[in-house]
Amino acid sequence: MSVVTRFAPSPTGFLHIGGARTALFSYLYAKRFGGKFLLRIEDTDRERSTQAAVDAIFEGMQWLGLTSDFGEIYQTQRFDRYAEVIAQMLEAGTAYHCYASREELDAMRAEQQARKEKPRYDGRWRPEPGKVLPPIPEGVKPVVRFKNPQEGEVVLNDLIKGKIVFSSDELDDLIIARGDGVPTYNFCVVVDDMDMGITHVIRGDDHVNNTPRQINMIKALGATPPQYAHVSMILGSDGAKLSKRHGALGVMEYRAMGFTPDAILNYLVRLGWSHGDQELFTREEMIAKFDFEHVSASPARFDMEKAYWVSHQYLKSADVAVIAPEFDWHLRQQGVDPTNGPKLEDVIAQQRERCRTLLEMAEKSKFFYADITGYNEKDAAKHLGAKAVPVLAGLIEGLTALSDWQAEAIHGVVHATAEKLGLKLGDVAQPIRVAVSGAAVSPPIDQTLMLLGRTATLARLAAAAAFAAKAAPAA
RNA sequence: GUUCCCAUCGUCUAACGGUUAGGACAUCACCCUUUCACGGUGAGUAUAGGGGUUCGAAUCCCCUUGGGAACGCCA
């Protein structure tokens, strides 16, 4: 049997990092066995589902490259099918109508909690042989409940957590259709997974307690339950649960922070899963090596520092042509148009070693594409003082005379200037950095000037010379 | 409250009864150096606690403690 997995988010918010990892695991597992992966939008709660959230989920999945093999599937488009199954179950006696009002149920739960019991439906409308049901109240639209078997136990052999046994008497009769006829999550999941031939249900471990009921429903429908893999949640760096108020970010925010999709995926795949000592994986390697035997059952914290490290590894080793479009996006995000200026690929090649993210790279590369707006105060005070005046003058003279604007020749001029003035290389290079980039940090100076180009270089050196001359008397 | 899950360096993890408990991130030190980085070398840091089982336990079992989840006409 070919593997079919699914990622089934409810569209009530963006695609967060935990969901992305669950989706990734599902995707990898399917691909590993040459199977299919599908994305299903669980939008039966029409009050909370929004189109904006649906769009955000698709956007995130697409950016990560986790594409569905079956297009878009919405539960709200399958209501006819759910109604059909509910009718079947009513007919077969595996489901029944319950006329208890919400108030009645609230009161029941309150009583149970007062008695320190687990709140659960008491089966007041559950038909049993010889049992007399209450009179049907007028004007009440009944809900439909699943008639859960009450004997024995349900065994879940989870691929990650191992064997988990639930006693059947812990399981109450859950509602599968609301008073208005709209089916509920636990029921829709079961019908969908069955109809879509899902072989492996990979989801967050907050669903573990739903699983025995779902297994019972699948069995009541005469189908075979899929395999389950319940993935632990991702915690914030302080060990607290990620929430909207507390550090939960959508995957697109990681794009804004300068991560590439591959880097995020690589970080996520290693969060809870391992393959010996290997830290870095290509997408192909992830697919070839992913397994549930090495997925941890315990929750993991999201460590931004390590994520940055992974990001850096990708920036350093990736094909510059692949990164260039994302780099372009970041520059434009910062209001810089990279059309006129050095080739993005060349700038990336110079910056990739010293930047952990594309955001950082864009910030540090703006000066290649736009005029600098001023000097870093400390750097200017240190490097553009009186001492810099002869240095800059010498450089301008040497560089103006340069016919061949290449790194090697530029390097020669910088060296010659230092030698002529009896200075160390750093004493010459630092003023140039500040003059040209606005601050004392840049790629190697010869590369920087080559990329910047002759015109901009000389203009900025001249401006810095004027600045230094003005600052000199005070110094 | 009830049920269920989880527990190795600060963090992510390796170990599938026998290792000086390994690697990575982070930290610190040194080297390299034209700034920032990269890179190199090295250091410190862990089996939550208590009982068993066993010749031998991080590993299997039980208890404690500490985290977490679920218990909706939410998903």
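All chains are named by letter (A, B, ...) in the order of the sequence lines, taking the proteins before the strands, and each is independently numbered beginning at 1.
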(message) Using a heavy-atom cut-off of 4.0 Å across all strands, would you classify A:Asn210 as base, sugar-phosphate, or nothing?
(response) base

(request) Round to a whole Å and report the spacing from CG of A:Leu423 to C1' of B:U35. (result) 16 Å

(message) Any base atoms under 4.0 Å from A:Glu305, or only sugar-phosphate, or nothing? Heavy atoms, all strands.
(response) sugar-phosphate

(request) Please state the C1' separation for the pair B:G44 and B:C25 - nearest whole angstrom. (result) 15 Å

(request) Determine whether A:Asp192 and A:Tyr82 make a side-chain contact, defined as any pair of heavy atoms from C-beta on separated by less than 4.5 Å. (result) yes

(request) Classify the nucleic acid contact of A:Pro9 as base, sugar-phosphate or nothing, counting any heavy atom under 4.0 Å across all strands shown. (result) nothing

(request) Measure from the side chain of A:Lys306, starting at C-beta and using heavy atoms only, and say which of B:C5, B:C12, B:U3 lies closest. (result) B:C12

(request) Name the nucleic acid region contacted by A:Ala53, choosing base, sugar-phosphate or nothing; use a 4.0 angstrom heavy-atom cut-off, strictly under. (result) nothing

(message) Using a 4.0 Å heavy-atom cut-off, does A:Lys116 contact any base of the nucleic acid, only the sugar-phosphate backbone, or nothing at all?
(response) sugar-phosphate

(message) Parallel, tilted or perpendicular: which one describes the rings of A:Trp273 and A:Phe290, with boundaries at 30° and 60°?
(response) tilted

(message) Applying a 4.0 Å non-hydrogen cut-off, can you work out what A:Lys424 is touching in the nucleic acid: base, sugar-phosphate, or nothing?
(response) nothing

(request) Report which part of the nucleic acid A:Asp172 touches: base, sugar-phosphate, or nothing (heavy-atom distance under 4.0 Å, all strands). (result) nothing

(message) Using whole Å, what does the distance between atom P of nucleotide B:C73 and atom CZ of A:Arg48 come to?
(response) 13 Å

(request) Using a 4.0 Å heavy-atom cut-off across all strands, classify A:Glu279 as base, sugar-phosphate, or nothing. (result) base

(message) In whole Å, I'd like the distance from the CG atom of A:Leu425 to the C1' atom of B:U34.
(response) 5 Å

(request) Give a yes or no on whether a donor-acceptor pair under 3.5 Å exists between the nucleobase atoms of B:U34, that is its base, and the side chain of A:His411. (result) yes

(message) In this structure, how many angstroms lie between the P atom of B:U11 and the CG atom of A:Leu235, rounded?
(response) 11 Å

(request) Answer yes or no: does atom CD of A:Glu117 have more than 12 heavy-atom neighbours from other residues, nucleotides or ligands under 6.0 Å? (result) yes

(message) Counting primed atoms plus P, OP1 and OP2 as sugar-phosphate and everything else as base, spell out the protein contacts along nucleotides 13-22 of chain B at 4.0 Å heavy-atom distance: B, S or - for each nucleotide, 5' to 3'.
(response) SSS------B

(request) Give the rounded distance in Å between these two atoms: CG of A:Leu15 and P of B:A75. (result) 19 Å

(request) Return the nucleotide paired to B:U8: Watson-Crick means purine N1 to pyrimidine N3 with N6-O4 or O6-N4, wobble means G-U with N1-O2 and O6-N3, both under 3.5 Å. (result) none

(message) Pairing check on B:U35: which nucleotide meets the Watson-Crick or G-U wobble criteria with it, both distances under 3.5 Å?
(response) none

(request) Please work out if A:Thr44 contacts a base, only the sugar-phosphate, or nothing of the nucleic acid, heavy-atom cut-off 4.0 Å. (result) sugar-phosphate

(message) Give me the distance, rounded to whole Å, that separates B:C12 from B:G17 when you measure between the P atoms they each carry.
(response) 25 Å

(request) Look through every strand shown and name the nucleotide pairing with B:A69 as Watson-Crick or G-U wobble, where both distances are under 3.5 Å. (result) B:U3

(request) Please report, rounded to the nearest Å, how far the P atom of B:A37 is from the NZ atom of A:Lys364. (result) 8 Å

(request) Take atom CG of A:Asp303 and atom P of B:A24, then tell me their distance rounded to the nearest Å. (result) 15 Å

(request) Report the base-pairing partner of B:U59 (Watson-Crick or G-U wobble, both distances below 3.5 angstrom), or none. (result) none

(request) Tell me which of A:Arg115 and A:Lys161 sits closer to the 5' end of RNA chain B, going by the nucleotide each one is nearest to. (result) A:Arg115

(message) If only side-chain N and O atoms count, and only distance matters, is there a donor-acceptor pair under 3.5 Å linking A:Tyr29 with A:Asp291?
(response) no

(request) Using only side-chain N and O atoms of A:Lys316, determine if any of them is under 4.0 Å from OP1 or OP2 of B:G39. (result) yes

(request) Give one of base, sugar-phosphate or nothing for A:Ala297, where a contact means two heavy atoms less than 4.0 Å apart. (result) sugar-phosphate

(request) Take the protein atom CG of A:Asn209 and the nucleotide atom P of B:A70, then report the distance between them rounded to whole Å. (result) 8 Å

(message) Tell me whether the side-chain N/O atoms of A:Arg109 come closer than 4.0 Å to OP1 or OP2 in B:C71.
(response) no

(request) Report yes or no: is the cationic atom of A:Arg145 (NZ for Lys, CZ for Arg) closer than 6.0 Å to the six-membered ring centre of A:Tyr121, at no more than 45° off its axis? (result) yes

